[in-house]
2 protein chains.
Amino acid sequence: MEKPISPAVIRRMPRYYRYLGELMNQGVERISSKSLSEKMHVTASQIRQDLNNFGGFGQQGYGYNVKYLHEEIGKILGLDREHAIIVIGVGNLGQAVANYRNFKGLGFNMVGFFDINPNLKGKKIGGVPIMMMNELEDFIKSNKVDICALTLPKDVAGPTAEKVISLGIKAIWNFALVDLEAPEGVIVENVHLSDSLMQLSYKVSKLD
Amino acid sequence: MEKPISPAVIRRMPRYYRYLGELMNQGVERISSKSLSEKMHVTASQIRQDLNNFGGFGQQGYGYNVKYLHEEIGKILGLDREHAIIVIGVGNLGQAVANYRNFKGLGFNMVGFFDINPNLKGKKIGGVPIMMMNELEDFIKSNKVDICALTLPKDVAGPTAEKVISLGIKAIWNFALVDLEAPEGVIVENVHLSDSLMQLSYKVSKLD
DNA sequence: TAGATTGTTAATCGATTAACAATC
DNA sequence: TAGATTGTTAATCGATTAACAATC
């Protein structure tokens, strides 16, 4: 295995991917680290350092081929394959995640939704059925599921996480307001909306 | 004005706040940096350094009073006052933000929702009306609005941000998939869900 | 070829950790 | 008082920036 890449670098990769996608759409064929750095408000040095963690994608005197670099970063981020996602908790946030447009084009496919509310049973979101929690185990065992999004209240997030981990899920996208403890070999990515809002609040209160 | 605090520290503050809130609920009266560090999986040294950016909240030989520290961090994060929020874009994500339970208790109040879909006109979420975009200007001028959440497609996010900024909004909580450029004195906090999902995808693909 | 720009090494800067004197 | 634990200084570590030789 390669040497581990620092979290700071990994955080920046999706942003590079996004900007390169834009450039591609605009028909830009090549770009130098310098002009990309101006667009993104980072240093050219940082861009070159970041990319060289993964390989030499550029060419001296030329810069980077936009399409090629976009594709390579896609591969680095694992976007060159399909990811099957289930969403547990079909409240407002769960529905938002379920419907989020941008995911499909990146290879993330919603394959099942789960809730405890019997009124939701059998309903569909984008053609994908909402199932009850007692169907979860069977579903995971008989379908390939790569990622489990948890959009449910914090007091049930922990037990639910344990359950899906015991069923073999290796990746949890957690929206519940707890830091889930994951065993070795399981990845948890947290999205804490209120943390983000508090950071905003902090910065606002510094303005005066 | 005090010296600026590093972003890394600010990112950690909401997490401290969360853990201290939990401890408070559990009736814990005091805690040392050491035992808090074990719960949070960080170093005790980092906790003390972080806190001392803002002041000395502890006591030698005793540790920190949980309730007091929780309150002080709340003040640092600006949670000691009310924040009026409007949400522009009442799609799935907008509704999720509009309904998010945890906000109210932290002093964040939803005061208005805006969309372009005429079918939504006059409907309410949690007693707060959904208005049309042509009502936005009047609303902002005649009501105190602290934060504007943008939960809309990326191609309209930029112009909408410019508009609310021109109307005096100083804080934007942006969920659209673009990095908004904000003038001096305006804060933009981005929540890029797909960036987060890509980071998860990256980590998953490293597992094998 | 000459000019441009990378890949990479070296220098700087900042953040984290360790250590310990101050003190409750 | 003696023990515990902070606040803070010093040491280490890592990340960012600068510089430049390699090379397209």
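The chains referred to below are lettered A, B, ... by the order of the sequence lines, with proteins before strands, and numbering in each begins at 1.
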Peer 1: What's Arg30(B) touching, base or sugar-phosphate or nothing? Going by heavy atoms closer than 4.0 Å.
Peer 2: nothing
Peer 1: Return the value, rounded to whole Å, for the distance between atom CG of Asn53(B) and atom C1' of dT16(C).
Peer 2: 12 Å
Peer 1: The side chain of Asn52(B) lies closest to which of these nucleotides: dA19(D), dT8(D), dA22(C)?
Peer 2: dT8(D)
Peer 1: Are more than 12 heavy atoms from other residues, nucleotides or ligands located less than 6.0 Å from atom NZ of Lys67(A)?
Peer 2: no
Peer 1: Grab the stems for DNA chain C, please: at least three consecutive Watson-Crick or wobble pairs, both distances below 3.5 Å, written as range with range.
Peer 2: C:3-24 with D:3-24
Peer 1: Rounded to the nearest Å, what distance is computed from the CD1 atom of residue Ile47(A) to the P atom of nucleotide dT8(C)?
Peer 2: 17 Å
Peer 1: For dA19(D), take OP1 and OP2 only and decide whether either is under 4.0 Å from a side-chain N or O of Arg48(A).
Peer 2: no
Peer 1: How many Å lie between CG on Asp50(A) and P on dG14(D), as a whole number?
Peer 2: 17 Å
Peer 1: Please check the phosphate of dT6(C) (OP1 and OP2 only) for any side-chain N or O of Ser33(A) closer than 4.0 Å.
Peer 2: yes
Peer 1: Are there more than 12 heavy atoms of other residues, nucleotides or ligands under 6.0 Å from atom NZ of Lys163(A)?
Peer 2: yes
Peer 1: Specify the separation, in whole Å, of atom CG of Asn65(A) and atom C1' of dT5(C).
Peer 2: 15 Å
Peer 1: For the atom pair CG (Leu197(B)) and CD1 (Ile147(A)), what is the distance rounded to the nearest 0.5 Å?
Peer 2: 5.0 Å
Peer 1: Could you check whether Asp179(B) pairs with Arg18(A) (Lys NZ or Arg NE/NH1/NH2 to Asp/Glu carboxylate O, under 4.0 Å)?
Peer 2: yes
Peer 1: So, are Lys154(A) and Glu22(B) salt-bridged, with charged N and O less than 4.0 Å apart?
Peer 2: yes
Peer 1: So, does Thr43(A) get its side chain near the phosphate of dT17(D), meaning an N or O under 4.0 Å from OP1 or OP2?
Peer 2: yes
Peer 1: Rounding to an integer number of Å, can you tell me how far Gln59(A) CD sits from dT5(C) P?
Peer 2: 12 Å
Peer 1: Using whole Å, what does the distance between atom P of nucleotide dT5(C) and atom CD of Gln60(A) come to?
Peer 2: 12 Å
Peer 1: Do Arg48(B) and Asp50(B) sit within salt-bridge range, that is, some charged N less than 4.0 Å from a carboxylate O?
Peer 2: no
Peer 1: Report yes or no: is there a donor-acceptor pair, N or O only, under 3.5 Å between the side chain of Gln49(A) and the base of dT9(C)?
Peer 2: yes
Peer 1: Rounded to whole Å, please give me the gap between CZ in Arg11(B) and P in dA15(C).
Peer 2: 10 Å
Peer 1: Output the rounded distance in Å from NE2 (His41(B)) to C1' (dT17(C)).
Peer 2: 18 Å
Peer 1: Is the number of heavy atoms from other residues, nucleotides or ligands within 6.0 Å of CD (Glu29(A)) greater than 12?
Peer 2: no
Peer 1: Ignoring backbone atoms, establish whether Tyr64(A) has a side-chain N or O less than 4.0 Å from OP1 or OP2 of dC24(D).
Peer 2: no
Peer 1: The side chain of Ser6(A) lies closest to which of these nucleotides: dG7(C), dA15(D), dC24(C)?
Peer 2: dA15(D)
Peer 1: Quick check on DNA chain C: between Ser45(A) and Ala8(B), whose nearest nucleotide comes earlier from the 5' end?
Peer 2: Ser45(A)
Peer 1: Could you check which of dT5(C), dT17(D), dT16(C) has an atom nearest any side-chain atom of Gln46(A)?
Peer 2: dT17(D)
Peer 1: Distance check, rounded to the nearest 0.5 Å: Tyr64(B) atom OH versus Ser33(B) atom OG?
Peer 2: 5.5 Å
